[in-house]
Amino acid sequence: MEARLNLFDIPLAVKSLKHIVTAGKVMGESTVPAATQELVRLRASQINGCGFCTDMHTKDAAHAGETSVRLNLVAAWREATVFTDAERAALELTEQGTRIADAAGGVTDEAWANAAKYYDKEQLASLVSIIAIINAFNRLNVMVQQPAGDYQPGQFG
């Protein structure tokens, strides 16, 4: 399988992607735990059907020490006992923020209040940004049908 379009061959696309990548790297400075950030990226990628990002974030999380049990249960986090209450709140925010079109009004007040119990304003801003950025990457990759499976941890720096 080959992508429909190689965005790295198109100067305007490369210029645009650099800004999205830079925004994503800024989130590395966040005090939201790195494991939570990867779980959020993974869950949004699963929802959006982005094989490339699902592959990438599963491998990056495993490389960083995340367990296979937790990675395998992200899609069924509601029934899983392996996530903290804070992680569960972040995953709920991720689902609602990713499925905006599925619910009038977007993220519910209850989901927001629950996340606010565990994350301060800066962390909430980080989570919102992480969710928005991964959704942008998911949409790019899904539209061009970016193949999945060959990603190596740390491949993009």
Side-chain angles (χ1 to χ4, degrees), residues 1-80 82-83 86-103 106-107 111 115 119 123-157:
M1 178 178 191
E2 284 189 35
R4 291 175 168 159
L5 185 66
N6 183 345
L7 296 173
F8 297 109
D9 284 346
I10 303 163
L12 186 64
V14 170
K15 189 175 181 180
S16 174
L17 287 170
K18 283 182 182 179
H19 291 288
I20 301 171
V21 168
T22 299
K25 287 184 178 182
V26 169
M27 292 305 104
E29 300 170 15
S30 171
T31 58
V32 173
T36 302
Q37 292 187 39
E38 286 301 327
L39 294 173
V40 162
R41 290 181 185 108
L42 176 56
R43 185 65 190 124
S45 299
Q46 290 171 335
I47 292 166
N48 289 322
C50 182
F52 185 83
C53 290
T54 298
D55 181 44
M56 171 190 248
H57 295 294
T58 299
K59 288 176 178 174
D60 282 347
H63 185 74
E66 189 60 77
T67 68
S68 60
V69 170
R70 283 168 46 92
L71 291 173
N72 291 333
L73 289 172
V74 169
W77 63 267
R78 282 180 181 77
E79 295 82 22
V82 297
F83 301 106
E87 290 168 334
R88 297 168 75 73
L91 289 166
E92 178 67 26
L93 187 64
T94 301
E95 287 195 2
Q96 290 190 21
T98 298
R99 292 182 165 141
I100 290 174
D102 295 343
V107 175
Y119 301 102
Q123 291 171 320
L124 286 168
S126 295
L127 282 169
V128 167
S129 296
I130 291 164
I131 294 163
I133 292 165
I134 193 59
N135 273 278
F137 276 121
N138 291 163
R139 281 152 177 75
L140 285 165
N141 287 321
V142 169
M143 282 190 272
V144 301
Q145 293 185 344
Q146 188 65 38
D150 295 331
Y151 176 79
Q152 298 298 314
Q155 179 176 327
F156 298 118

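Since the model is a prediction, treat every value here as computed from it, not as a measurement.
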What are the two closest heavy atoms between [X] and [Y], and how far apart are they?
| X | Y | answer |
| --- | --- | --- |
| Val74 | Arg43 | O-CD, 3.6 Å |
| Ala44 | Thr98 | CB-OG1, 3.6 Å |
| Met143 | Arg4 | O-NH1, 2.9 Å |
| Arg41 | Ile134 | O-CG1, 3.7 Å |

Mind checking whether [X] and [Y] have side chains closer than 4.5 Å, heavy atoms only?
| X | Y | value |
| --- | --- | --- |
| Val82 | Thr67 | no |
| Glu66 | Leu39 | yes |
| Val32 | Val40 | no |

Filter on side-chain hydrogen bond (donor to acceptor under 3.5 Å, both in side chains), then keep only pairs touching residues 7-21, sequence neighbours left out; what's left?
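side-chain hydrogen bond (donor to acceptor under 3.5 Å, both in side chains) check on residues 7-21 returns Asn6-Asp9.
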Step by step, work out the side chain to side chain contact (heavy atoms under 4.5 Å, CB included) result for Leu7 and Val14.
CA-CA 7 Å; Leu7 296 173; Val14 170; over 6 Å; no
Tell me every residue that passes ring pair (Phe, Tyr, Trp, His ring centres under 6.0 Å) with Tyr119, counting only those two or more places apart in sequence or in another chain.
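By the ring pair (Phe, Tyr, Trp, His ring centres under 6.0 Å) rule, Tyr119 matches no residue at all.
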Show your working on side chain to side chain contact (heavy atoms under 4.5 Å, CB included) between Lys59 and Gln155 and close with a plain yes or no.
CA-CA 11 Å; Lys59 288 176 178 174; Gln155 179 176 327; over 6 Å; no
Considering residues at least two apart in sequence or located in another chain, which fulfil the side chain to side chain donor-acceptor pair (under 3.5 Å) criterion with Ser45?
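Ser45 satisfies side chain to side chain donor-acceptor pair (under 3.5 Å) with Asn138 once adjacent residues are dropped.
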Please assess Thr31 against Gln123 for the test side chain to side chain donor-acceptor pair (under 3.5 Å), listing each intermediate value before the final yes or no.
CA-CA 7 Å; Thr31 58; Gln123 291 171 320; 3.0 Å; yes
